[in-house]
Amino acid sequence: MLSSWRRLRMAAWAATVAALLLGALMVVTQPASASTTTDCTQYGTTSLQGGEYTYQQNEWNSSDTQCVSVDNSSGAWSVTQANFNTATNGAPATYPSVYKGCHWGACTTGSGLPIQVSQLGSATSSWSTTQPASGAYDVAYDLWFNSTPTTDDQPDGTEVMIWLNHKGGVQPFGSQTATANVAGHGWDVWTGQQTSWKIISYVLQGGGTSFSNLDVKALIDDAVSRGSINSAHYLIDAEAGFEIWQGGQGLASNSFSFNATKGSGGGGGTTDTTAPTVPTGLAVSGTTASSVSLKWSASTDNVGVTGYDVYRGSTKVGSTTSTSYTDSGLSASTAYSYTVKAKDAAGNVSAASGAVTATTAASGGGGGSPGTGAVKVQYKNNDSSPTDNQIKPGLRVVNTGSSAVDLSKVTIRYYFTGDGGSSTFTASCDYAAVGCSNLTQKVVALSSPKSGADHYVEIGFASGAGSLAAGANTGDIQSRINKGDWSNFSESDDYSYATNTAYADASKVTVYVGGTLAGGTEPN
């Protein structure tokens, strides 16, 4: 089963240089020559066709040997050594693939992407593959859409998977919700909701080994009609490869092309240049010795507000989709000034709100002041190695009070250190009893590093999570954090880290209700 794991492999793109689009380029097979290289590294990349495409190893969930022969002149590549044996009900071991476009802020000059969906005139692709009879894998495109033209983080719009074939019982994320005849083919349509983006997968009925001039735009249009893609969002990246659970040797991409252009007159769409209204009513809703909580009134927009950027002085300290925010990692007894700006899907940003000043409380020494609310966090360690490339806290919120708590007002913070390497992070939900679609996650850098903490992952709840009854807990929340370059962490000295593998009260994991510290102690 292909589950929420797909998001994890996107971080492997962060350090690569993309190359792309606007011009019909076909990658074709050529005989082996001096341009053929063998890559057996875990995250190696190879520039193809003079930089128009990039091949990536992307073995993000395994340390087994994966070797690929890559012809950087023709763009053809094949898996020459692989014998993975990963359970098909979890994450694939690897996703070797070729891509074009802009991803994690890296774009090639003249690529032609991003293109706003409303202005997309055409998108076509041809792809020829070789598929061994044994193994468990999919043969799939992965297209990414974002609310703004560029992003250096997890795309927040939609992931569109197009499955040419699959073997070994693997399935797309989510559930099958429809069948469709689009672009001259029959498809099973699967949909799902991740913590911060939608997923829609088109699985070719009967499977195949190649596409010739597949009308990708027709599939994109179908996804728009189903509400899976916002037409104001941007196509930023296209890729094709093999998610492999078992086996893998013999898989090959013999030829690949992807071609996208804007339509005449903007493809029937218009460019949104109207900024949202300025946020009003900015006010301080709470302070501690190391944090300031803010709230404000919602802005409006001709299309729709997608979020808010919060500034401390002239420095942006974070973003949120709600009308509240807590800035932490601050110094005690210190005055700070804040403003907020609203933004929309087209990248338009409002003028700053009126400023508000807050002064943090005096420090009591040692750690910050503990919360005294009616909720607490319990923690267990889901990671057997504190020195690998992922942090895996298990968390749950307990209502210790006498009345129900609205979970949409609750946030959790787990503090850790980045330990060098990439400064970008991805936070993912592997499982949640309340449903991963009812969670939000983001990684925030502390303005002033503390002992054992220079970042925290903040987990919030959507309205669909409902309320937490008195004496009840949220059930298991399995979070996962990785760096953009997949370098290792050193967790043993992290502020919130502990070694217990069964749930226990966690005084160093904080919980907030309405932006006010209610449980745990912040680092200081």
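The chain is numbered in sequence order, starting from 1. As the structure is a computational prediction, the values presented were derived from the model and not from experiment.
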A.B. asks: For Lys409, does the NZ atom have more than 12 heavy-atom neighbours from other residues, nucleotides or ligands under 6.0 Å away?
C.D. replies: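 Atom NZ in Lys409 is not crowded, with 12 or fewer foreign heavy atoms closer than 6.0 Å.
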A.B. asks: Any chance the side chains of Gln478 and Asn382 put a donor and an acceptor closer than 3.5 Å?
C.D. replies: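 Judged by distance alone, the side chains do not pair up.
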A.B. asks: Closer than 3.5 angstrom, by distance alone: can the side chain of Tyr379 be matched with the main-chain N or O of Ala498 as a donor-acceptor pair?
C.D. replies: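 Here the side-chain-to-backbone pair exists.
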A.B. asks: Do Gln176 side-chain atoms and Trp190 backbone N/O form a donor-acceptor pair below 3.5 Å?
C.D. replies: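 No: the side chain of Gln176 does not pair with the backbone of Trp190.
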A.B. asks: Given the rule in the ring pair (Phe, Tyr, Trp, His ring centres under 6.0 Å) test, do Tyr202 and His185 qualify, once you have shown the distances and angles that lead to the verdict?
C.D. replies: CA-CA 10 Å; Tyr202 292 88; His185 299 279; over 10 Å; no
A.B. asks: Can you confirm whether the side chains of Thr510 and Tyr512 place a donor and an acceptor under 3.5 Å from each other?
C.D. replies: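 Yes, because at least one side-chain N or O of Thr510 sits under 3.5 Å from a partner of the opposite role on Tyr512.
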A.B. asks: Judged by atom type as modelled, is there a donor-acceptor pair below 3.5 Å linking the side chain of Asp138 to the main-chain atoms of Glu243?
C.D. replies: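 Confirmed, Asp138 side chain pairs with Glu243 backbone.
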A.B. asks: Could you go step by step and tell me if Tyr141 and Ser125 meet the side-chain hydrogen bond (donor to acceptor under 3.5 Å, both in side chains) rule?
C.D. replies: CA-CA 10 Å; Tyr141 292 81; Ser125 179; 2.8 Å; yes
A.B. asks: Would you please indicate yes or no on a ring centroid separation below 6.0 angstrom for Phe256 and Trp77?
C.D. replies: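 No - the distance between ring centres of Trp77 and Phe256 does not fall below the 6.0 Å cut-off.
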A.B. asks: Walk me through it: do Leu439 and Val434 pass the test side chain to side chain contact (heavy atoms under 4.5 Å, CB included)?
C.D. replies: CA-CA 8 Å; Leu439 297 181; Val434 298; 4.0 Å; yes
A.B. asks: Report the C-alpha separation of Asn381 and Thr501 in whole Å, then their side-chain angles, then the decisive distance to 0.1 Å, and conclude whether the side-chain hydrogen bond (donor to acceptor under 3.5 Å, both in side chains) test is met.
C.D. replies: CA-CA 5 Å; Asn381 186 348; Thr501 57; over 6 Å; no
A.B. asks: Can you tell me how the ring of His455 sits relative to the ring of Phe416, calling it parallel under 30°, perpendicular over 60° and tilted otherwise?
C.D. replies: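 The arrangement is parallel - the two ring planes meet at less than 30°.
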A.B. asks: Go through the steps to decide whether Val457 and Gln441 satisfy the test side chain to side chain contact (heavy atoms under 4.5 Å, CB included), and finish with yes or no.
C.D. replies: CA-CA 7 Å; Val457 58; Gln441 294 195 89; 4.0 Å; yes
A.B. asks: Within this structure, what is the CD1-CG distance for the pair Ile200 and Leu219, rounded to the nearest 0.5 Å?
C.D. replies: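 It is 9.0 Å, given to the nearest 0.5 Å.
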A.B. asks: Carefully, step by step, assess Asn254 and Thr130 under the rule side-chain hydrogen bond (donor to acceptor under 3.5 Å, both in side chains).
C.D. replies: CA-CA 7 Å; Asn254 304 316; Thr130 297; 3.0 Å; yes
A.B. asks: Answer yes if the side chains of Tyr503 and Asp476 hold a donor-acceptor pair under 3.5 Å, and no otherwise.
C.D. replies: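 Asp476 and Tyr503 do have a side-chain donor-acceptor pair below 3.5 Å.
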A.B. asks: Aromatic contact between Phe489 and Tyr497, with the criterion being ring centroids under 6.0 Å apart: yes or no?
C.D. replies: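 No, they do not, as the ring centres are separated by 6.0 Å or more.
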A.B. asks: Start with the C-alpha distance between Asp494 and Ser496, add both sets of side-chain angles, then the distance that settles side-chain hydrogen bond (donor to acceptor under 3.5 Å, both in side chains), and finish with yes or no.
C.D. replies: CA-CA 6 Å; Asp494 287 355; Ser496 296; over 6 Å; no
A.B. asks: What I'd like to find out is whether the side chain of Asn230 reaches to under 4.5 Å of the side chain of Lys198, using heavy atoms alone.
C.D. replies: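 Result no, sub-4.5 Å side-chain heavy-atom pair not found.
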A.B. asks: Are the side chains of Thr179 and Gln205 in contact, using a 4.5 Å heavy-atom criterion?
C.D. replies: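 Gln205 reaches Thr179 side chain to side chain.
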A.B. asks: Applying the side-chain contact (heavy atoms from CB on, under 4.5 Å) criterion to Glu239, which one of Tyr95, Tyr53, Phe258 satisfies it?
C.D. replies: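 Output: one option passes, namely Tyr95.
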A.B. asks: Let me confirm one number: the CD-OH distance from Gln57 to Tyr43, rounded to the nearest 0.5 Å.
C.D. replies: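 If I round to the nearest 0.5 Å, the distance is 11.0 Å.
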A.B. asks: Regarding Thr45 and Gln56, do their side chains bring together a donor and an acceptor under 3.5 Å, going by distance alone?
C.D. replies: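 The criterion, which ignores hydrogens and geometry beyond distance, is not satisfied for Gln56 and Thr45.
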